[in-house]
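Down below is the structure, laid out as structure tokens.
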Amino acid sequence: FAVAGYFIAAEYFFGHLLGSFYILLGAVTLRDFLYLWALDGAPHGRLQRPAAGRKALNEEIGSLVNLLLIVVVLVALWVLWRKGLPVLAAIGNHVLYSYTTTVNGASVTHPLTVEGFAVGMLVAIVTAAIVRNIGGFLDFVFLRRIEIQEDAALAIKVVARYLIIMLGVFVASGALGLGWEDVQWMVAALSVGIGFGLQEIFGNLVAGLMMLAERPVRIGDIVTVGDITGTVTRIQARATTVTDF
């Protein structure tokens, strides 16, 4: 019975892994077709863009297609594997690591299970994918439907990315069993690092967020920085890119 059980489990997992491979292969193929179709019939909308706006639009279309396909792939994988979830749950309850903390004078054990680790890694991967492709999604769903300048749209997309990163870190930390009491030492060390060695980086970050909010400089403006005169081509939270003539 044990040998038969191992054989059936191996057959089940092999078949479903093969099915998962076909789903991913089909998603990649479908992505190329959707990308070409979207480029052929994509509306420009009313979003005001610089001369290189067509290239940016193509990149945003690709990001939108990738984001939609990520959702489709996740749903398809869940449908494929849903009958095996009870068996996977038994594996997921296996404790990889545990540590003990003191809460209100009582010792509390925090286990890190296979399920928690897998969920944390999945949340991190999905968060990275959403952050990378959220710009095209916002453009097609919201920004292209209203009158808005390119720099204002960029500010909205940058803020959305940071909010998604914060949410992803919070959810992944919860899945991994990390609470504030576990990372407060890291926050304290980071504060000391900012005070001594990261002042310039932190100052650039704050200044970049203020520029995105107040917009004293916009994409397409001609500026002079020291001995360099050029056109502002990109504004991000940490740095602004200026292309000279």
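Throughout, residue positions are numbered sequentially from 1 according to the sequence presented. Please read these numbers as outputs of a predicted model, since none were measured by experiment.
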Is [X] linked to [Y] within one hydrophobic cluster, defined over Ile, Leu, Val, Met, Phe, Trp and Tyr using a side-chain heavy-atom separation of less than 4.5 Å?
X	Y	result
Val126	Val28	no
Ile23	Leu18	no
Val217	Val242	yes
Ile165	Val123	no
Tyr12	Leu17	yes

Any donor-acceptor N/O pair, Arg132 side chain to Ala129 backbone, under 3.5 Å: no
So, does Thr29 use its side chain to make a donor-acceptor pair with the main chain of Leu25 at under 3.5 Å? yes
Under 4.5 Å between any side-chain heavy atoms of [X] and [Y], yes or no?
X	Y	value
Thr229	Asp244	no
Thr240	Val232	yes
Val73	Leu77	yes
Tyr162	Val131	no
Phe13	Trp81	yes

Using 0.5 Å steps for rounding, measure from the [atom1] atom of [X] to the [atom2] atom of [Y].
X	Y	atom1	atom2	result
Leu122	Phe117	CG	CZ	11.5 Å
Glu11	His16	CD	NE2	10.5 Å
Asp221	Thr233	CG	OG1	11.5 Å
Leu69	Arg31	CG	CZ	8.0 Å

Take atom [atom1] of [X] as the centre, draw a 6.0 Å sphere, and report whether it contains more than 12 heavy atoms from other residues, nucleotides or ligands.
X	atom1	value
Ile228	CD1	no
Phe245	CZ	yes
Met121	CE	yes

For Ser173 and Val169, which heavy atoms make the closest approach, and how far apart are they? OG-O, 2.7 Å
I need the minimum non-hydrogen distance between Ala172 and Gly120, along with the two atoms involved.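 Reported closest heavy-atom pair: CB-O, 4.0 Å.
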